[in-house]
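A quick write-up on the structure given underneath.
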Amino acid sequence: DVFVGSRLALNDVQDTQALVGAVVDLKTQTTSFLIEAERRLGQSWKLDLESRLFFNVDSSDPLKGIEDDDFALLRLTYFW
């Protein structure tokens, strides 16, 4: 298996950050992709994005049971 990914931190006042990566099984070409990102909006709000996706899942792969469990979450949080 091979993992390729990157983290981006802009070092700005809004604390903008992102993590993007993919895992590929070299034998079966099963691929798992992830995205995580966040940013503050003003003093009291924060926006988060998280996503996991699965592609080309081989029938013998342990991920077969969750291949249809792709998801994306967008969260807006208020702090007081």
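Looking at residues two or more places apart in sequence or on another chain, you find no side-chain hydrogen bond (donor to acceptor under 3.5 Å, both in side chains) involving Gln29. Among residues two or more places apart in sequence or in another chain, the side chain to side chain contact (heavy atoms under 4.5 Å, CB included) test is passed with Asp70 by Leu53, Phe54.
Under the 4.5 Å side-chain criterion, counting only non-hydrogen atoms from C-beta, Asn56 is not in contact with Thr30. Within the 4.5 Å cutoff, the side chain of Leu74 has heavy atoms near those of the Leu47 side chain. Looking at heavy atoms from C-beta onward, Phe55 lies in side-chain contact with Phe33 at the 4.5 angstrom threshold. Within the 4.5 Å cutoff, side-chain heavy atoms of Phe79 are placed close to those of Lys46. Considering only heavy atoms from C-beta on, Asp15 comes within 4.5 Å of Glu38 through its side chain.
When hydrophobic clusters are built by joining Ile, Leu, Val, Met, Phe, Trp and Tyr residues whose side-chain heavy atoms come closer than 4.5 Å, directly or via intermediates, Leu34 is not grouped with Leu73.
Panel note: side chain Arg39, backbone Asp48; no donor-acceptor pair is recorded below 3.5 Å. Under a 3.5 Å cut-off, the side chain of Ser32 and the backbone N or O of Val23 do not form any donor-acceptor pair.
Taken from CZ in Phe71 to OG in Ser51, the straight-line distance is 7.0 Å, to the nearest 0.5 Å.
For Asn11, the CG atom sits in a loose shell: 12 or fewer heavy atoms of surrounding residues, nucleotides or ligands are nearer than 6.0 Å.
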Original post:
Can Ile66 and Asp68 be said to form a side chain to side chain contact (heavy atoms under 4.5 Å, CB included), step by step?
Top reply: CA-CA 5 Å; Ile66 61 170; Asp68 295 326; over 6 Å; no

Original post:
Under the side chain to side chain contact (heavy atoms under 4.5 Å, CB included) criterion, do Leu41 and Leu76 qualify, and how do the steps go?
Top reply: CA-CA 9 Å; Leu41 305 171; Leu76 181 63; 4.0 Å; yes

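In summary, Arg52 and Asp69 do not engage in a salt bridge, as defined by a charged side-chain N under 4.0 Å from a carboxylate O.
Nearest heavy atom pair, residue Asp58 against residue Thr28, reads CB-CB, 3.6 Å.
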